[in-house]
Amino acid sequence: MAVDTSSQSVAKAAGDVARGPSRGTGKREGRLKRSLSTHWYAWAMVAPVTVVISVIIGYPLVRGIYLSLTDATERNVARTIGVNEIPATYEFVGLDNYKEALSGGQFFDTLGWTLVWTVACVSITFGLGMALANILNRRIAGRSFYRMLLILPWAVPGFVSVFAWRFLYDERRGLLNSILAGGGIDAVPWLNDPTMAKVAVIAVNVWLGVPFMMVALLGGLQSIPGELYEAAEMDGAGPWQRFRNITLPGLRSVSTTVVLLSTIWTFNMFPVIFLLTRGGPGEATQILVTQAYKFSFEISPRDFAQSSTWGVLILVILMVFAAVYRRVLRKQGEVW
Amino acid sequence: MRRGIAAIALVSALAVSATACGGNDSGDTGNKSSGELSGTVTWWDTSTVGSEDKVFKKLAEDFTKLHPKVTVKYVNVPFGEAQNKFKNAAQSGSGAPDVIRSEVAWTPEFADLGYLAPLDGTAALKGEDDFLKQAAASTEYNGKTYAVPQVIDSMGIFYNKKIFKEAGVEVPKTIDELKTVSATIKDKTGKTGLYLRGDDAYWFLSFLYGEGGDLVDAENKKITVDDEAGVKAMKTVKDLVDSKAAITDATNGWDNMQAAFKDGKVAMIINGPWAVADTYTGKEFADKANLGIAPVPAGSAGQGAPQGGHNLAVYAGSKNLDASYAFTEYMTSAESQAKVAKELSLLPTRNSVYSQPGVASNEIVSFFRPVVDKAVERPWIPETGSLFAPLVTEYTKVLTGQTTPEKGAKATADEYRKLLKDWK
């Protein structure tokens, strides 16, 4: 959310510079006045939304940033219990939390796995989604039935499917291992072995993410005019050439958007990790958000400051990613 | 809009608590004996669903027979979630129960955070001299009593007598014997010896104590988990899993442990009285006599099982303190404890209950009574409840081969040093 807003405002600011004359303060005031007098109605209409958004997004954001600069824990925040009022005693500590997070190994270890997880999930999901979309874009028997079936993982609430997977993965009583046992294969420690657990969480996230990719890309595919393919075929282009030179460029605007969205979602995909492994075994599958959650809800005393610090760092990482991504696209001539 | 609602809620909450407070004061001065209790008491129970919860629910609701104007709301919160849920609710002030079944290690922590009402001089404490000394120890914090002991427990080996007979082995007394016995069981019956919980560090304690170690030494303000004994205990559990004497899981340990034992897939588990009622529901234990219980296997320094248990504590923000005190007293009274001991084989915290008929003859209670007397008591400091989170991470890492026993113990100790500032 924050990423979108920031990049849009950047775009707007850039547009202003390109369009408008020099930014004299006097002129700016005049423009503001004019825009208020002509568009007062529009301003009035967006005001409630602005207020609500600033309350439900702005306030927690500012509060989070503030907490990351303090040493707030469960023990020193203000709380009112019955008649006892306990005042807050936490103190401002400046950037100490950031120093601690960025100098210890834990943050970078977790970040490393988070990046592996994000890249693996997004690339596999995108690859599978692309393949399925291309298959389902052809005229095959039972096409709409398959489309329905493939959208199913998306229709089931996420936590339900993750729980279902957890039962499937169970080493001793899970369905997967019973099937393997039927084939004479030893039980696989799906969630008990650190490497297998990593594979397992990625598999579930891919399973959950493919429908979105597929639907988005299918939509993109249908907007590519059929004549292009016909013309290419006439010129003797093979299927692979057609795919590379027509399908891929035609899908560009769709795929750049879904990759960006999917990256941000996967980076912060809390439920899959939390419900499947709780970050375990040990901390093998802990990504940044689940670790931040652990700081503020699972350890005791709950470390609100540390948790907010990680939260702010996650925000910064995603903002940098979005900015770089946009810049790369713009260099390639994409307006986004 | 949201703010408006919050403000109204806050104001009304303040008003209600103010009136409740006023009511209290008059109650303390003399209204108590004549005033009839009324209102709702919400109780968060953490007992095992499907076996223990039915008995506790019935017992709790019977409170209304004594006080017809009081409504008891029984809520079962899974044990693993209760600590966090209560903290969330207690801190925000909304949705917190009036009475919580607080594990012994949670009690000093909740008290330290200001969430619990001090019970000295209230109706909640009755016949204090009757309580076992070890049970009462965890209810005190900074010179005040914040909870009333409900049950006390320790751990032992639960074993399947049928499997032991089939394999022709005796119950292991030491960890070395545990390994050989497990090997024999595997040879003769194809079953696994022990299920060791790998996702909860409480199950690690008996191995740590068995080597003469401890998590911390509160008297000398010293962190001891990374001492030689701690490392050795880590090596022991790792060796049990590596040698296939034990199986373990990094997630869903409780369910898998109980299922494996109840279905006769493993011959032994380490567990406490709280698991007895649930174990009896298994098909292997339809004949209750098939369940054998023995002391935990000894390490190089002898046997050592942790002393645990549960207290009942009253939330400081409760709107109905008087009824909550009375409810707490009722649930921890000798009669209630006797009922629970008879039906669920849980250990009473009152001395007098042990001699009651039906309790004295209960095999499991009489087995655990001396075990509890010898059990290792943890230091009842607010941080005791915080010691498990770092430990379980490293414990699981050691069991799954992600770190060595030495490094695991060291990493745990480093976390403890952050938690307990100025400790050595």
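All values derive from a computational prediction rather than experimental measurement. Heavy atoms only: backbone and side chains are in, while hydrogens, waters and symmetry mates are out. Below, read A as the first sequence line, B as the second, and so on, with proteins coming before strands; counting in each chain starts at 1.
- F297(A) and N84(B) make their closest contact through O-OD1, 2.5 Å (heavy atoms, listed as atom of the first residue, atom of the second, distance).
- Using a distance-only test at 3.5 Å, with no hydrogens or angles considered, no donor-acceptor pair links the side chain of R173(A) to the main chain of A259(B).
- Legend: residues meeting side chain to side chain contact (heavy atoms under 4.5 Å, CB included) with R197(B), ordered by chain and number and at least two apart, are Y195(B), D199(B), D200(B), W203(B), W254(B), M257(B).
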**Asked** Checking side chain to side chain contact (heavy atoms under 4.5 Å, CB included) for the pair E74(A)/D112(B): CA distance, chi angles, key distance, verdict?
**Response** CA-CA 11 Å; E74(A) 187 175 21; D112(B) 179 58; over 6 Å; no
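- No other option in R166(A), R302(A), K294(A), E283(A) has as many heavy-atom pairs under 4.5 Å with chain B as R302(A).
- When side chains are defined from C-beta on, I299(A) does not count as touching E415(B), because their heavy atoms never get closer than 4.5 Å.
- Atom NZ of K407(B) sits in a sparse spot, with 12 or fewer heavy atoms from other residues, nucleotides or ligands closer than 6.0 Å.
- Counting heavy-atom neighbours within 6.0 Å of K410(B) NZ, excluding the residue itself, gives a total of 12 or less.
- Interface summary for chain B: among G279(A), A284(A), P281(A), the most heavy-atom pairs under 4.5 angstrom belong to P281(A).
- The CE atom of M196(A) lies 14.0 Å from the OG1 atom of T400(B); values are rounded to the nearest 0.5 Å.
- When G282(A), P301(A), A197(A) are compared by the number of non-hydrogen pairs under 4.5 Å with chain B, G282(A) comes out ahead.
- Heavy-atom contacts from other residues, nucleotides or ligands closer than 6.0 Å to NZ of K262(B) number more than 12.
- Ion pairing between a basic and an acidic side chain is recognised when a charged N comes within 4.0 Å of a carboxylate O; E81(B) and R278(A) show no such pairing.
- In this structure, the separation between CG on D255(B) and CZ on F167(A) is 8.0 Å, given to the nearest 0.5 Å.
- Checked by atom type, the side-chain pair R172(A)/N252(B) shows no donor-acceptor distance below 3.5 Å.
- In this structure, the portion of V77(A) lying under 4.5 Å from any heavy atom of chain B is its side chain and not its backbone.
- Neither the backbone nor the side chain of D263(B) comes within less than 4.5 Å of any heavy atom in chain A.
- Taking CD from E171(A) and OG1 from T248(B), the interatomic distance works out to 9.0 Å, rounded to the nearest 0.5 Å.
- The shortest non-hydrogen separation linking P194(A) to Q402(B) is CG-CG, 3.2 Å.
- In terms of non-hydrogen atom pairs under 4.5 Å with chain B, the most contact-rich of D170(A), I86(A), L191(A) is D170(A).
- Surrounding CZ of F159(A) are at most 12 heavy atoms belonging to other residues, nucleotides or ligands under 6.0 Å away.
- Comparing N256(B), T251(B), I247(B) by how many heavy-atom pairs each has under 4.5 Å with chain A, the most go to N256(B).
- R79(A) contributes no side-chain N or O that, together with a main-chain N or O of A90(B), makes up a donor-acceptor pair within less than 3.5 Å.
- For Y315(B), the part sitting under 4.5 Å from any heavy atom of chain A is the side chain, from C-beta outward, and nothing else.
- In this structure, L113(B) CG and T73(A) OG1 are separated by 8.5 Å, a value rounded to the nearest 0.5 Å.
- Contacts of V46(A) classified as side chain to side chain contact (heavy atoms under 4.5 Å, CB included), with partners at least two apart in sequence or in another chain: W43(A), T50(A).
- With a threshold of 4.5 angstrom between heavy atoms, E109(B) approaches chain A through side-chain atoms but not through N, CA, C or O.
- Looking at P390(B), neither its backbone nor its side chain comes within 4.5 Å of chain A, counting heavy atoms on both sides.
- Considering T396(B), L399(B), D249(B) in turn, D249(B) is the only one that fulfils the side-chain contact (heavy atoms from CB on, under 4.5 Å) rule with N192(A).
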